[in-house]
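Let me begin by presenting the structure, written as structure tokens, before commenting on it.
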Amino acid sequence: MRKIIVVLLLVIVATSSCRKLDVPVESQYVNGNFPVTAADFSAVIGPLYTQLSSKYCIEYFRMQELSTDEAILPARDGNWDDGGQYRQHHHHTWTKDHSNVKDIWAWGYGGINTCNRLLSLFDASPNSAAKTTALAEVKTMRAFFYFMMLDLYGNIPLVQKFPVTDLPTTAARADVFNFIEAELKSVYPSLPVKTSANAQLYYGKPTRGFAQALLAKLYINAEAYTGKAKYAETVSFCDSVIASNSYALDANFNAVFAPENGPQITETIFAIPYDPLLIPGQQFARFALVPYLCPKYGIPTNMSTAMSTTSNFYSLFNLPNDIRNNTWIIGKQFYFDGSPVWFPTKTKSLDQFYPGVNKDTLWQVEILKDLAMLPGKPFDLGNDIKAQCTGIRSSKFYPDKAIQAATRMGGNDMPVLRLADVFLMKAEAILRGAAATAVGAELQTPVVLVNKIRKRVGTTQVSAITLPEILDERARELSWECWRRNDLIRFGSFEIEYPIPGDVLTMDKRSHLRIFPIPATELALNPKLVQNPNY
Amino acid sequence: MLFISIGSFSQTTTVKGTVVDESGNPLQNATVAAVKNESVKTLTNVEGKFSLNVPVGTKEIVVSFVGYESTQLNVSSAAVKIILKLSTVALNDVVVTTGYGTNTKRNITGAITTLNADNFNRGAFSSPSQLLQGKVAGLNIAKSGDPNINPTVILRGPSTLREGAQEPFYVIDGVPGASLELVAPADIISIDVLKDASSTAIYGARASNGVIMVNTRRGSAGQTHLSYDTYVSVDKVSRKIDMLNGIELREYLAKNGQSLTGSIYDDPGASTDWQKEIMRDGISTNHNIAISGGNKSTIYSGSFNYFKNDGIVKTTSLDRSIIKASVEQKFFDDRFKVGINMTNSITNKYDVFQSFLFNNMLFYMPTVTVRRPNGTLTEDFTRGGYANPVGLIETNKNYTKENSSLIQGYLEANVLKGLTYTARYSIQNKQRTQGIYLNSNSALALQTGGRAYRGTYSSDNKVLESFLNYDKKIGSHNFKLLLGYSWQQDHFNDGFGVQTQGFTNDNLSYNNLFLSNPGTIGNIVFDNPAISTLRLISNYGRLNYSYKSKYLFQASMRNDGSSAFGANNRWGYFPAVSAGWRLSGESFLQNAKWLDDLKFRVGYGVSGNSLGFDAFTSIFRYGAVGRYYSNGQLLTAIGPSQNDNKDLKWESTSVLNVGFDFSMFSGKLTGNIDWYNKQTRDLIWDQYPVSTTQYFVSNITANVGKMKNTGVELTLNSTLVSKSKFSWNSSVNLSTNKNTVLSLSNDKFKLNQIPTAYLGGKGQTGNWSQVVKEGQPLGTFALWNYMGKNAAGTSTFKKADGTIIATQPLTSDFMVAGNAQPKLIYGWNNTFAYSNFDLTVFLRGVYGNKILNNTLAALNNPADSKFNNIPRFTSNEAFTDNVAYLTSDRFLENGSYLRVDNLTLGYNFLNINQNIKKIRIYSTVTNVLTLTKYTGIDPELNIGGLTPGIDNRNYYPKTRTFLLGISLNF
């Protein structure tokens, strides 16, 4: 009897049945419970747009703008030195370890892989009109991410499927160009056309006009990217956008960039929507406004003093009555009622080299135009009050009253492609050799196109226009919209240096720097990638 | 028949006598009992005399006393004199809890250190691990001054790269993984620390950081016990950073031709000491009542503990009430035992936002008054991150309540001779509720009208253990066999939390979120909890063999499965084998009379580290990844937040341990020495970069690396003096450990080094200060090489190419500069007893480590003195040194210290009357004296985690405690 008990016990203990390790998942979406409904599919595309908004206005902006004369971010007594990453942009001395080089690559390929994942997810669902549109939407966004990677890095891997089983190899820039071209051409017929009725529905999402404008942008850069000019094709796709009558220049230039901008803006073809709390990433007011002026604009006062434009770039804004001239903050500052912005301080705080006694003084805030570096620290203006107010600031993306002190982000949506850019691209393509075409009854020569831009901003008309003048008009029209580097390279002016007094560093003018290096970390992780020449 | 005394009709007879020790000194409180009738007993009085009435026919009595050999003798009519001898093998009969069973110290073959309640540290402790600090060789416990943070505990060097995954595994009264908040330090009677894998492998995948077995007080048959312990203590700040006051700061600026900048409120001519404004003396009180008792079939115990600590930062406090009850009943001729234990602990904590507060406590200008003339707090919100420290305390409230309970039921059945079946089931439930209110004047919630958060989360753990123990003796061969099964399920983070803002007044704080006016939906923020369920299932077995206690052998195996590991790697095997040889039992050592006991042990085992895994660590997971615009609304985007890794499994540690246990000179000198080699492989790092051309999240968690720790531990306990009136016991423990990261790569994932410790700082965003590097230990510093000041008084640095510059270098100029791992950790405890007084002096220390004093670096900016306060150190720097604040090896200091950690003087009153057995009064001072070259607040930093040895900005001030306590035993 006892032996039976023993045996029974041993059986119980040794073979205790529960060996099941699968546990239920309660509060997370995993492959078993997501995506299921139609709203799920819509939410699942969402990350694409979140990815795009997360770095476009900061790190991507810095790569495309700090490397040009359009924007500069000097140090101020060691603040904003940050390992030298901003002065490396200015002098073109970045290396394959630069943090933006690494992060934007990850950002771009994160977007591309998300697109590939979504495409394989949608392929599995039953056919419908909604599926066709969704596939076209995702493919266009993928093409757009590839375009940005093409513009920045040149020779990049082409990854089209998810999951990625083998490490991808580098494709030559021309092959990537052809891929983007083929993709956009095949999908734009399936994309919706923007009308005034569906403007809100498709705002922030790719439309037929976006794909066509992107093709135009691709073609105008074809000579710079691949050596083969495609100016006639540029004109052709510009015409598709113009002729669609979906877009018209807004009468008020400032409205396009205002905090309240949105689907009601008629000229924007594709924009990235931002919100101060929920879609953060738009930091122009944070980086480019001086704290002493914040009360004037009604925003929290803990803004940084960092970013401004250069005086030689500002000198391009020389047209009379041009409303665009007012997008720069320069000179002595006044409140809206006309009274001066006074700032009580002490003389040595205002100017560290003040020779006299340090006493109280009342200073009218003045934004000074000319940057001058101080000896001692590289690329450093010093940090007295005058140095903080040196550097012409931009108010094109007008400071948003809804900015919260905690995040300092604005709600101005960022236009990526707009009708004004299309007009200027067509004008440039014609000057580079394509034939002028008519849209509707109007024969659109470069002069006609540039005058549309000039008329809208209230300044003088032109009677003749040359290619260099197109570059300057692009500077005036599209400042701080992430196109300057692309424009300068195309016009061969990327290596022009405007020395700043006191700057001991000089620009590296070698032409291989027209594309950024493949990040060192990526090369280490994927031995099949090939570094760009001369890096 | 003259044995029978006059009252013979009463059927009892009286036995009298005196009990003395070998020196003739009377032994008080020795137990004299009738053999075979334990209820008939008495205790000797202060003169050692006793008088016991035993039933007629009782043939023998037994006399016993702790630490002495019991003696049995015949009942006789005459008063007897009984001489008790000191027990030399008492130590070796100490029972050690080994995991699913017990063994005697004499027979164990692994490295286990046992501490009894008498050896514990004394003080106002909120965490039981402080009882062990400095007392166990190889266990490095470091405690910052913050009472709300548990100390970091590392056994035999760090063996993981993951934050929060270095803790040892706690088993409390047999419940694996029970929460330490459930144990009142006063309730613990012993702690066993299982150090090597041959001892810990029985706990499989959770045991590679060591296992700490905590045993609380149980009742015992025939003795009732009532005790009341109370103490009160005062914490005083023992060291703080010396900042300038307002007068000194103005003088400093004037001397350098500078003046204050900033808002006009910066100079009303005041001088405020912010550290004094926000700190105070902390007071702690503790009350503990415990009862226990029982007879031979039932034992019970119960206790209630209340601990309250008012922290040294104003408005911070912690109070904890723990109530515990247990009952055990025997049936069927004592062959069946059933018991139930219940514990409930409630903790209330009030805390402050420390990093903000301590930062501002140092930086905030001393030249302003706390309040303006109109009574409002002086603030300047135009400066980001700059807030009045008193304001931070007054305007922000952070309250947490935790309620934990543990119920355990068990049965033990002695089925056959030598065969016992045990089953245990326990449920632990924890509920945590938090309320945070940042009021409308708070710097942390500017322009929000007050921000409130309320959240509550609960988790529960269920454990079932079912095992058989079989003991068999065949001649001189002793076998013990264990076979068992364990099932555990943990369910975490079930709850929610929500934050809102915009209250019309602050009076209700966070109590009614309904009254908020958030304005936009973006101002209502929901927590994103991950409810997870973790299941562990194991089978285990162990065999112990002993031949005459001379040749010892143990082997164990555990098969662990966890739902957290990758789908390809759910189950693992953890074997261990060890052997021991009692050399002192051999004939060749029989004549060494000075040697009581000498045992040689060697053991090897493999255990795992699965800490930090939750149910989602290895799977592909979606999360909310921000919002996107869709048709006029901002909707939640749902996308992948983690790459999956089906091969993800536990980190695995194998330990080879060789040691000696010895006892010499009749027990006057005992100790042990161990050498170990601990190798950890499959080291997990969660930031293995993967190419974003292949994955869409740029990092993945994978098992790749290898790490090694080798070291030596020595423990010596000695009775240096032992006379009737005076005794002196001394014990010392020393341990060394050498940690090396062997590899961070395998054929699939490669990393040469991992930069860590991104400390930030002016102009240094994105700079790291430590690297994890192959061939170097964890905590290796990578810093700029400071080369002293140049002629102008500016700091200079050496670049990678050897040139010396007086400006900020690049990250490529970092050089390896030493590491945070100590070379030696030691503790030395001395207990002196003189008649009824006892004095304990405990020293402990650490030697050979480096600390990066980044707190000082961040403050060291002379030019910033125009708008920030500076320490006195900085006022000696050249004003024009514009790179003085850069983190470099200038601030890498020697972290060695020797601390007189505990000084306790006690007095015992014995045998006051029939009811009171003992009253003890004692007084303790902790952190009496610290000898160190470190110039920061305190060299004892939390040493856990990936970045040990860094003192950066938000370090809680160090305190010295004065404690007075009374302990009453009835």
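Naming: A, B, ... by sequence-line order, numbering from 1 per chain.
The aromatic ring centroids of A/Y203 and B/Y629 lie less than 6.0 Å from each other.
Contact of B/Q447 with chain A is made through the side chain alone, with heavy-atom distances under 4.5 Å. Heavy atoms of A/P157 lying under 4.5 Å from chain B belong exclusively to its side chain. If you measure heavy-atom distances from B/T636 to chain A, the contacts under 4.5 Å come from the backbone alone. In this structure, chain A has a heavy atom under 4.5 Å from the side chain of B/Y885, while its backbone stays farther away. Residue A/I112 does not touch chain B at all, counting heavy-atom pairs closer than 4.5 Å. With a 4.5 Å cut-off on non-hydrogen atoms, B/N523 touches chain A through its backbone and its side chain both. Contacts of A/Q200 with chain B are made by both backbone and side-chain atoms, with heavy-atom separations under 4.5 Å. There is no contact between A/N116 and chain B, counting heavy-atom distances below 4.5 Å. For a residue to count as touching a neighbouring chain, one of its non-hydrogen atoms must lie under 4.5 Å from one of that chain's; by this rule A/D82 touches chain B with backbone and side chain alike. In this structure, chain A has a heavy atom under 4.5 Å from the side chain of B/N559, while its backbone stays farther away. Looking at A/W105, the atoms closer than 4.5 Å to chain B (heavy atoms on both sides) sit in the backbone and in the side chain alike.
For A/K377 (side chain) and B/V883 (main-chain N/O), no donor-acceptor pair under 3.5 Å exists by modelled atom type.
Of all the listed residues (B/Y688, B/F381, B/W571), the one sharing the greatest number of non-hydrogen pairs under 4.5 Å with chain A is B/W571. Of all the listed residues (A/P291, A/P273, A/S304), the one sharing the greatest number of non-hydrogen pairs under 4.5 Å with chain B is A/P273. Note on B/S562, B/A806, B/G626: by heavy-atom pairs under 4.5 Å with chain A, the leading option is B/S562. Counting heavy-atom pairs closer than 4.5 Å to chain B, the top residue among A/P168, A/S99, A/G204, A/A75 is A/P168. Of the listed residues (B/A423, B/G561, B/A863, B/A564), the one with the most heavy-atom contacts under 4.5 Å to chain A is B/G561. Highest contact tally toward chain B, considering only A/N383, A/V159, A/L48, A/V357, is held by A/V159 [criterion: heavy-atom pairs under 4.5 Å].
Between A/D77 and B/K762 the shortest heavy-atom distance is O-CE, 3.3 Å. Taking both residues in full, the closest heavy atoms of A/T50 and B/A637 are given as OG1-CB, 3.3 Å, listed atom of the first, atom of the second, then distance. Taking every heavy atom of both residues into account, B/L810 and A/R87 meet most closely at CD2-NH2, 3.8 Å.
Within a 6.0 Å sphere centred on CZ of B/F496, other residues, nucleotides and ligands contribute 12 heavy atoms or fewer. Within a 6.0 Å sphere centred on NZ of A/K528, other residues, nucleotides and ligands contribute more than 12 heavy atoms.
In this view, B/Q687 and B/N699 satisfy the side chain to side chain donor-acceptor pair (under 3.5 Å) rule, not counting sequence neighbours. Applying the side chain to side chain donor-acceptor pair (under 3.5 Å) criterion to B/Y470, with sequence neighbours excluded, gives no partner residue.
Two residues are said to be in side-chain contact when any heavy atoms from C-beta on lie closer than 4.5 Å; A/K205 and B/S630 meet this criterion. Looking at A/S349 and B/K866, their side chains never come closer than 4.5 Å, going by heavy atoms from C-beta outward.
A distance of 6.5 Å separates CG of A/L278 from OG1 of B/T520, quoted to the nearest 0.5 Å. Between the CG atom in A/D81 and the CG atom in B/L886 there is a gap of 8.5 Å [rounded to 0.5 Å]. Once rounded to the nearest 0.5 Å, the distance linking CZ of B/R627 with CD1 of A/I279 reads 8.5 Å.
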